[in-house]
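Atoms considered below: every heavy atom in the structure, side chains included; atoms not considered: hydrogens, waters and symmetry mates.
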Protein chains: 2
Amino acid sequence: MSPAQLRPPTMADVARQAGVSHQTVSRVLGDHPNVREETRARVLRVIEEMGYRRNSSARALATRRTRTLGVVASDTTLYGPASTLFALEEAARAEGYLVSTVSLRELTMATLSEALDHLSEGGVEGVVAIAPQRSAVDALAELRSPFPVVVVGSGQGVDIPSVSVDQRLGATLATRHLLAAGHRRVWHLAGPEDWLEAADRAAGWRATLEAADVEPPLLLRGDWSPLSGYRAGQELAGWVGRGLTAVFVANDQMALGVLRALREAGVRTPQDVAVVGFDDIPESEFFAPPLTTVRQDFSAVGKQGIALLLEMIEGRSPATPSPIAIEPQLVVRASTFPHAAQPEGVPL
Amino acid sequence: MSPAQLRPPTMADVARQAGVSHQTVSRVLGDHPNVREETRARVLRVIEEMGYRRNSSARALATRRTRTLGVVASDTTLYGPASTLFALEEAARAEGYLVSTVSLRELTMATLSEALDHLSEGGVEGVVAIAPQRSAVDALAELRSPFPVVVVGSGQGVDIPSVSVDQRLGATLATRHLLAAGHRRVWHLAGPEDWLEAADRAAGWRATLEAADVEPPLLLRGDWSPLSGYRAGQELAGWVGRGLTAVFVANDQMALGVLRALREAGVRTPQDVAVVGFDDIPESEFFAPPLTTVRQDFSAVGKQGIALLLEMIEGRSPATPSPIAIEPQLVVRASTFPHAAQPEGVPL
DNA sequence: GACGTCATTGTGAGCGCTAACAATTCATGG
DNA sequence: CCATGAATTGTTAGCGCTCACAATGACGTC
């Protein structure tokens, strides 16, 4: 180790020490061919000795590439966004990109615009927005940014490049599962109206019922929270005995509230009322009873989102046309069949 | 708007258009005094017209400041890390810094070293590591990095600058609460041995019992998951009637598993066995029964973490000496008192 | 009316790197 | 022994910005 210096060493310092030109150092670092093996080794040794690291700003300035992507998200403590965020970062890192995140409390025109500005100041080459509300997508469509933007988790039918799990299909799987189990009608506790995924799930539910010649019953709405599920559950409990035997709840957290409300009302799950959720959060398996739900592959969403964004940045033509849809998967547990699925690994 | 151009406009372009020198443009952007109001307005108008944005790389190169911080985390889908991550980003943004994240599947010497390298390539000025395991903190202590590193969520007693919730205090609150309710002994389901927070919680529990002249009973271990809680719960159920009336579980997710196991074994909570968790995840309020638990202020951890890191980067002397401890808070619900705390906003 | 003072603006030199091109070295064959 | 071309290395010019300093002009003062 050379003595501690005020300024970190530069490429020129390394070059001088190794007795070559700075360009040769650059070649070694850039893995260029046409560098003599002996020279390369000497340079690498000096780099090691001096603890030299390339200055990323200078590099970015010269190459006009920052190799940084931005992600805008909200509700990052929820399972879905958190999983997507994780997958996005992992996929980007695999491609050698750094990810800068902005987590917002709410996605409005103002906060989104500020977030894009902030990321732009940071020099990102593109942005993935985890934007599940219609208002957010609309704002994004209106906002002009100097870099490409991909939306993720917005459901289908938006005219920005996007990647999402096929929510309608998920709702269809859930609803069909209940119909196949012999339930005459399936009720639905939907998510907030503004959420595209909520709309898609409700649409899938409605379409499936109609395809089976069933009149869709009253649709309830919650705000994704267990509390709103609890309240809806209390209302649903009032319909037991009057044709209510099955509920498809738009997410697992609300389903948790529904389960509690039903339990408190003396309604048994699944004997009296079967319940299906959506998301498959890690806790679902341990609800009382364990919850049948629809699993979303957030990891796939992240990978595809980054792939799409990089295609746009590098000007390649996309491998898959946007919007890209990921298939969800039904996970059957005891909330729909009394004796189905114990927790994995637990002896019966 | 000027016609679309291949290269984004530079400061020189703006200067030419506005009939000033590039330096004056820089002054306007930097909010320097001593720019005539009229000139400032003209420059700003041209900037607006041309859609000019400062090039962050050039700026960083000239100022030797990237204004970017790094965060290394793992298990970012768990409530604690996710909340901390959110708070860190928000606090950093408030200070005008961009945050680049690396989410790891596991924190080993190798992955941590790689993560710091990756962030270093990205030019971060400092890093906050969310490192709750002893092994991770040890690795971090050994790893040399060219920028300051702050550890968060590691509990007390590490010799790296750190910020954490006072886990021992939390455990003390939980244990005292159960003792105060008349329980003779309090059992403990701890987290993984390698986790500093788990160790601190167990230590707090043990110390509180000993201070009350109670012999600490057998300590069980889980891995934070509901499943491990479920298994431990089955074991605990076997001790009911043989002196087991209260359990302090090291996190809410395991508590969920414990509750289920007890319920399945015909043990009533809280009449037969009282249960306290740790974390206060949003779902806890809706468990069966709602869970008494210890709330951690992750937001405060994030704020203090960023504050500490910035002090180190800017070479100021810290306002609060590290390690910084944040006070946790007991939240009493029905799992310890049969009639306590209904969900907020739910009429009784 | 020359001079100091202040506000305002401009000039030149880097920051540390890569890209393009120029120069050198070296082996090879006629 | 020198031409030839490939391999290797060096030189020069930016990338777009900020900093330090120089220059300009307006204004009041003695």
Side-chain angles (χ1 to χ4, degrees), chain A residues 5-44 46-47 50-68 96 120-125 146-147, chain B residues 5-44 46-47 50-68 96 120-125 146-147:
Chain A
Q5 49 223 354
L6 239 63
R7 296 241 176 294
T10 71
M11 199 171 260
D13 297 333
V14 173
R16 199 174 314 117
Q17 190 74 20
V20 295
S21 74
H22 62 141
Q23 179 61 312
T24 296
V25 177
S26 176
R27 287 197 186 95
V28 169
L29 252 24
D31 264 336
H32 274 254
N34 300 350
V35 176
R36 198 148 39 107
E37 201 40 61
E38 185 198 318
T39 314
R40 177 189 308 279
R42 180 154 35 98
V43 169
L44 284 175
V46 173
I47 286 177
M50 302 181 79
Y52 168 74
R53 321 210 56 149
R54 259 190 303 204
N55 178 312
S56 61
S57 306
R59 209 162 120 73
L61 180 57
T63 58
R64 299 152 180 268
R65 301 288 315 261
T66 59
R67 297 198 73 81
T68 300
S120 174
E121 294 278 309
V124 299
E125 295 182 28
F147 42 69
Chain B
Q5 50 225 355
L6 238 62
R7 294 242 177 292
T10 72
M11 197 171 261
D13 297 333
V14 173
R16 198 175 315 118
Q17 190 75 20
V20 297
S21 75
H22 63 143
Q23 178 61 331
T24 296
V25 178
S26 176
R27 286 200 186 92
V28 169
L29 253 23
D31 265 335
H32 274 252
N34 300 350
V35 176
R36 200 152 32 113
E37 202 40 60
E38 185 199 316
T39 315
R40 180 188 305 278
R42 179 154 36 98
V43 169
L44 284 175
V46 173
I47 285 177
M50 302 182 77
Y52 168 74
R53 322 210 56 150
R54 253 189 311 203
N55 179 312
S56 60
S57 305
R59 210 162 121 72
L61 180 58
T63 58
R64 298 154 180 268
R65 302 286 318 257
T66 59
R67 296 198 75 78
T68 300
S120 172
E121 295 279 307
V124 299
E125 294 183 28
F147 41 69

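Every residue meeting the salt bridge (Lys or Arg N to Asp or Glu O under 4.0 Å) condition with Arg65(A), not counting sequence neighbours, appears here in chain and number order: Glu125(A). Among residues two or more places apart in sequence or in another chain, the side-chain contact (heavy atoms from CB on, under 4.5 Å) test is passed with Ala12(A) by Thr10(A), Arg16(A). Applying the side-chain hydrogen bond (donor to acceptor under 3.5 Å, both in side chains) rule to Glu37(A) yields no partners; only residues at least two apart in sequence or on another chain are considered. Remark: Arg53(B) engages Asp117(A) in a salt bridge (Lys or Arg N to Asp or Glu O under 4.0 Å) (not counting sequence neighbours). Evaluation of the side-chain contact (heavy atoms from CB on, under 4.5 Å) rule for Ala62(A) yields no partner, not counting sequence neighbours. Looking at residues two or more places apart in sequence or on another chain, you find no side-chain contact (heavy atoms from CB on, under 4.5 Å) involving Ser56(B).
Of all nucleotides in DNA chain C, those with any atom nearer than 4.0 Å to a heavy atom of chain B start and finish, going 5' to 3', at dT8(C) to dG16(C).
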At under 4.0 Å between heavy atoms, how does the protein contact nucleotides 11-18 of chain D? Give one character per nucleotide, 5' to 3', with B, S or -. BB-BBBBB
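Although no hydrogens or angles enter the test, the distance criterion places a donor-acceptor pair under 3.5 Å between the side chain of Thr66(B) and the main chain of Gly123(B).
A heavy atom lying under 4.0 Å from DNA chain C marks none of the residues of residues 37-44 of chain A.
Here the shortest heavy-atom pairing between Ser120(A) and Phe147(A) reads CB-CE2, 3.7 Å. Between Leu61(B) and Leu61(A), the closest heavy-atom pair is CD2-CD2, 3.4 Å.
Listed by first and then second residue, the salt bridge (Lys or Arg N to Asp or Glu O under 4.0 Å) pairs that reach into residues 19-30 of chain B come to none, sequence neighbours excluded.
Side-chain contact between Val25(B) and Val46(B) is absent, with no heavy atoms from C-beta onward closer than 4.5 Å.
Bending across the helix from dG1(C)-dC30(D) to dG30(C)-dC1(D), expressed as the angle between its end axes from five pairs apiece, amounts to 60° (10° rounding).
Note that the CZ atom of Arg59(A) and the CZ atom of Arg67(A) stand 8.0 Å from one another [nearest 0.5 Å].
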